[in-house]
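Let me give you the structure first, and then I'll get to my questions.
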Amino acid sequence: MRDAAAYLLERTPVRPRIAVVLGSGLGAFAGELTGRTEVPYAEIPGWPPSTAVGHAGRLVFGRLEGVEIAVMAGRAHLYEGYTPAQVTFGVRTLGALGVKGFVFTNAAGGINLSYSQGALVLISDHINLQGVNPLVGPNDESLGPRFPDMSEAYSKSWRATAKAVAAELGISMPEGVYAAMLGPSYETPAEIRYLRVIGADLVGMSTVPEVIAANHMGLKCLAVSCVTNMAAGILDQKISHEEVLETGQRVRGTLVRFLKALLPRLEV
Ligand code: HPA
C-alpha cells in the first residue's frame, strides 16, 4: 500500500486530508469535484478491482469548495471473496498518502422501525458480526497498536458537525448502530429480530473492516447509511438488489447536497 500511495502521489497534485468512500448506487458524488484526477483501481499497484454491480471502481482526487479530497467510488467487500487485507487496502493506502479522516457511505437495511426507506442515518457505533477482523495477524507497529481502542470509532466531533449540517439543510438524520454481516445473502427475519435485540438499528455488509483499519491508524471516521430497504421480515415483501440500487439513486441528490456542505466543515 505504500507503493500504491507513492504511485498516486505522482499521478495527482491533489493532497487530500479527507477521503470519501461511496457505497452501492451512491457513486454520483465524485462528479462534484473540480480539478479532478481519476485513477481506475486497475491502474493502482496492488489495488483489488471491484466487481459488485453499481460500483464504478475508481479513485477520484479533486477539490470541493476549495478543500482537497479523495473519493473512492466503489469498494471491495468480503462477500466478493476479497481478504480483509484487500478490503482495507484502499483505506490504508489513503492513510499512507496523508488522509486524516474518512467519510463512508453505504446502503443498509433498516431495522429500527422509526426509519423509513430512503432515510439517511448517521452511524454512531457498530457491531462486527462478519467473523473476521482486518487486524488479525502480525501487527504492523508502523500503522498502529496491537489492541486499538474502538470506544469512539465514529468521531463524536465529526458526528456533531454532521448533525448540525443536516439540520441546516433540513435533512433529518437520526443516529443508529450498524450491524455488519458477511453476506452476500440478505438476513432472515429471525436474524433481523436477533439484531434488533442486540441493539442494531441498521444492517449492512460493508464499512466495518475499513473503519477498524482507519481507527487502527488513528484516523477519524464518519459514516452515513442510506436505508435502501426495510430489513427482512419487517415488510411483507422480498428484498432485492435492484430495490437497494433504486433507493440509492433516489436519495443520492440529498446525499450529495449533504456531503458538499459537510466536507468543507470537517476539521482534521
Ligand atoms: N441487509 C444487508 N445489507 C444491506 C441491506 C440489507 O437489508 N440493504 C442494503 N444492504
Side-chain angles (χ1 to χ4, degrees), residues 20-29 50-57 72-82 84 87-88 103-132 134 154 173-212 221-255 258:
V20 181
V21 181
L22 299 173
S24 302
L26 305 171
F29 175 68
S50 185
T51 64
V53 178
H55 290 253
M72 276 177 62
R75 55 153 65 97
H77 302 84
L78 292 169
Y79 64 71
E80 294 174 272
Y82 293 115
V87 168
T88 52
V103 176
F104 298 95
T105 68
N106 61 42
I111 297 174
N112 187 319
L113 298 174
S114 76
Y115 301 159
S116 46
Q117 200 175 350
L120 295 176
V121 180
L122 204 53
I123 299 181
S124 57
D125 203 349
H126 73 227
I127 303 172
N128 181 10
L129 297 171
Q130 294 191 308
V132 292
Y154 301 83
M173 200 172 289
E175 285 199 330
V177 172
Y178 177 93
M181 304 291 277
L182 182 58
S185 50
Y186 291 116
E187 301 69 35
T188 62
E191 286 167 342
I192 294 304
R193 290 194 297 274
Y194 155 76
L195 293 175
R196 183 178 295 123
V197 167
I198 65 170
D201 299 299
L202 300 156
V203 59
M205 306 172 191
S206 69
T207 308
V208 162
E210 293 114 300
V211 167
I212 293 171
C221 294
L222 184 83
V224 181
S225 285
C226 170
V227 178
T228 53
N229 56 282
M230 292 314 286
I234 294 179
L235 305 175
D236 190 19
Q237 66 186 48
K238 296 194 176 198
I239 298 167
S240 73
H241 186 54
E242 287 66 37
E243 176 190 22
V244 168
L245 295 180
E246 268 166 34
T247 310
Q249 300 285 342
R250 183 157 65 73
V251 177
R252 75 179 183 195
T254 307
L255 188 63
F258 171 70

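On a predicted model such as this, the values are computed, not experimentally measured, just so you know. By convention here, the first residue in the shown sequence is residue 1. When a ligand or atom number is given, it counts from 1 through the structure's own listing order.
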Query raised in the report: Just one of Thr105, Thr207, Asn106 clears the side chain to side chain donor-acceptor pair (under 3.5 Å) bar with Ser225, so which one?
Result: Asn106
Query raised in the report: Heavy atoms under 4.0 Å from ligand 1: which residues qualify?
Result: Ala107, Ala108, Gly109, Tyr186, Glu187, Val203, Gly204, Met205, Thr228, Asn229, Val244
Requested in this report: Find the distance between CD (Gln130) and OH (Tyr79) and round it off to the nearest 0.5 Å.
Outcome: 10.5 Å
Report summary line: Sorted by chain and residue number, the ring pair (Phe, Tyr, Trp, His ring centres under 6.0 Å) partners of Phe29 (sequence neighbours excluded) come out as none
Requested in this report: Specify the closest pair of heavy atoms between Arg75 and Val21, including all atoms of both residues, with the distance to one decimal.
Outcome: NH2-CG1, 3.5 Å
Query raised in the report: With sequence neighbours left out, what residues match Met230 under side-chain contact (heavy atoms from CB on, under 4.5 Å)?
Result: Val227, Ile234, Leu235
**Report entry** ring pair (Phe, Tyr, Trp, His ring centres under 6.0 Å) involving Tyr115 - partner list, sequence neighbours excluded
**Finding:** none
